[in-house]
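As structure tokens, the structure follows; a few thoughts come after it.
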Amino acid sequence: MSAVATHDTSLDAFRADTRAWLEAHCPAEMRQPVRNEADVCWGGKRFRFQSDAQRAWMERMGERGWTVPTWPREYGGGGLTHPQAAILREEMAALKCRPPLQSFGIWMLGPALLKYGSEAQKRHVLPQIARGEIRWCQGYSEPNAGSDLASLATRAEVHDDHFVVTGQKIWTSYADEADWIFCLVRTDNAKKHTGISFVLIDMTSPGVSTKPIKLISGKSPFCETFFDHVKVPRANLVGELNAGWTIAKYLLTHEREMIGAIGERATPKPLGRHAAEKLGRDESGRLSDGVLRAEIARFEVDEAAFRAWMRMASEQARAGEAIGALSSALKYYGAELNKRRWELMVAVGGADALEWEGERSQDGAAVRTWLRTKANSIEGGTSEVQLNVVAKRILGLPGA
Ligand SMILES: Cc1cc2nc3c(=O)[nH]c(=O)nc-3n(C[C@H](O)[C@H](O)[C@H](O)COP(=O)(O)OP(=O)(O)OC[C@H]3O[C@@H](n4cnc5c(N)ncnc54)[C@H](O)[C@@H]3O)c2cc1C
């Protein structure tokens with residue numbers, strides 16, 4: 001008996017409709033590669049849109065739920081199946097459409113609320129994330145709680161219908177631009193992991209303040225965040241009281257997966273081609289600098305292997321399998337790969353790549369990106385800590 005290949009014609013129709021809709025609704029200006037941070041749309045009440053086209057693109061995609069294509073429709077998503085979402089990605093790539101919106105709400109809080117939020121929280125918070133109306137930041141780290149996150153001390157006193165939060169967070173990315181913060185707070189001093197709760201706090205509440213911290217890249221993307229007797233409604237507790245650690249860990253797997261994906265983020269041109277244009281070719285057409293040639297070749301092979309690995313992990317996630325500790329392995333390797341990528345970019349560019357200001361270098365885009373990548377192996381959990389997770393949970397090695 002011969003096998004009959006099945007072909008889902010409804011997906012063909014979906015593809016045709018999607019392409020037609022994107023062609024009609026994605027402004028020409030939004031079909032250019034993202035050149036720098038200003039081209040990225042984060043949404044939220046304080047976001048300054050670069051152009052009307054950037055705003056229109058976010059709003060049109062948000063209305064359709066396609067900023068979060070697989071979230072359920074009742075929570076502001078597109079309600080797409082995974083095959084449909086893959087088609088949307090392919091059609092956006094074919095038309096070179098920029099992502100309409102990126103946010104910690106989409107990458108981190110959304111998945112956590114879908115799993116642990118109350119129905120009221122999902123219906124209220126998720127559509128605001130999908131439409132880019134509210135920007136979220138993450139209040140996990142504290143001056144004495146980083147890798148050992150469960151040592152956190154920001155206190156939430158429990159009252160009948162509200163909490164009173166007092167303490168300090170640190171390294172809060174974009175806290176000064178965010179509207180709300182998802183925060184880990186201590187609600188029981190006697191227990192370490194089981195004395196932590198997960199709460200949502202409005203950044204405009206009386207008693208919340210932020211202070212920017214400057215990085216070596218010259219930018220200030222993150223802040224110290226202070227809470228001075230901040231009143232937070234009890235309804236803003238996610239999950240049960242003192243059960244926030246489970247939610248925190250689940251959210252971290254999504255954060256690590258998101259950061260790991262930077263390993264896939266290409267430079268504007270493939271590295272080998274960029275190097276050949278910059279440094280010249282030998283008589284057989286190869287990059288003339290033999291040492292860099294070998295390093296770039298090694299990098300490109302590792303990068304291709306990482307892409308294949310990321311695809312495997314996303315297939316696994318799509319099939320409904322939790323990726324759990326694998327997110328630590330992806331985060332570790334993606335971060336290290338991105339650091340190598342930008343080391344090579346700067347090595348290829350020579351002194352030009354170190355230019356800090358000026359139109360030619362787009363205000364030092366290369367050198368600032370290179371310096372920023374140094375943080376990749378710290379943010380979302382350090383490389384050493386990810387290796388500990390891999391050793392214990394994937395390789396099954398005994399703990400210290
Ligand atoms: C760019 C950037 C953005 C960030 N954004 C946010 C944010 O938005 N919200 C937020 O809450 N936090 C944020 N962070 C903080 C980040 O999560 C922490 O910096 C990180 O978890 C490490 O904590 P730490 O800085 O306190 O370092 P520490 O935990 O003090 O670590 C110091 C050193 O000790 C090593 N170390 C610690 N414990 C172990 C161990 N058990 N085994 C081996 N080595 C160990 C570490 O690897 C590191 O090298 C951000 C950080 C960066 C760099």
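All heavy atoms count here, side chains included; hydrogens, waters and symmetry mates do not. Indexing begins at 1, ligand by ligand and atom by atom, following the structure's order.
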Per atom 47 (O) of ligand 1, closest listed option by heavy atom (T382, I378, N144, T172): T382
Protein heavy-atom partner closest to atom 14 (N) of ligand 1 - residue, atom, separation in Å: W171 CB, 3.4 Å
Atom 5 (N) of ligand 1: the protein heavy-atom neighbour that sits closest, reported with distance to 0.1 Å: S173 OG, 2.8 Å
Cation-aromatic face contact R135/F47, 6.0 Å, 45 degrees: no
Numbered atoms and elements of ligand 1 in range of A375, under 4.0 angstrom, heavy atoms: 1 (C), 53 (C)
Contact (N/O only, under 3.5 Å) between E379 and ligand 1: no
Nearest neighbour in protein (non-hydrogen) for atom 9 (N) of ligand 1: Q138 O, 2.8 Å
Parallel, tilted or perpendicular, as decided by the 30° and 60° cut-offs, for the rings of W309 and F306: perpendicular
Lys/Arg N to Asp/Glu carboxylate O, K374 vs E379, below 4.0 Å: no
Atom 34 (O) of ligand 1 protein-contacted (non-hydrogen atom, under 4.0 angstrom): no
Non-hydrogen protein atom less than 4.0 angstrom from atom 51 (C) of ligand 1: yes
Geometric cation-pi criterion R98 and W57, 6.0 Å radius, 45° cone: no
D148 bridged to K192 by N-O distance under 4.0 Å: yes
Protein contact to atom 26 (O) of ligand 1 [nearest heavy atom, distance to 0.1 Å]: G146 CA, 3.3 Å
Sidechain N-carboxylate O distance under 4.0 Å for R46, E177: no
Options T373, L152, V385, ranked by nearest heavy atom to atom 39 (C) of ligand 1, top entry: V385
Protein heavy-atom partner closest to atom 2 (C) of ligand 1 - residue, atom, separation in Å: F222 CE2, 3.2 Å
Closest protein heavy atom (residue, atom, distance) for atom 49 (O) of ligand 1: E384 OE1, 3.7 Å
Derivation of the ring pair (Phe, Tyr, Trp, His ring centres under 6.0 Å) call for W171 and F222: CA-CA 5 Å; W171 318 125; F222 52 26; 5.3 Å; yes
Of the listed options S141, P221, P143, closest to atom 18 (C) of ligand 1 (non-hydrogen atoms): S141
Identity and distance of the protein heavy atom lying nearest atom 40 (C) of ligand 1: N388 ND2, 3.5 Å
Electrostatic pair D363-R368, nearest N-O below 4.0 angstrom: no
Cationic N near anionic O, under 4.0 Å, E303 to R307: yes
Ion pair E277/R273, N-O distance below 4.0 Å: yes
Any G380 heavy atom less than 4.0 Å from ligand 1: yes
Heavy-atom protein contact below 4.0 Å for atom 30 (O) of ligand 1: no
Sub-3.5 Å N/O-N/O distance, R372 and ligand 1: no
Nearest non-hydrogen protein atom, atom 28 (P) of ligand 1: S147 OG, 3.7 Å
salt_bridge(E91, R15) N-O dist < 4.0 Å: yes
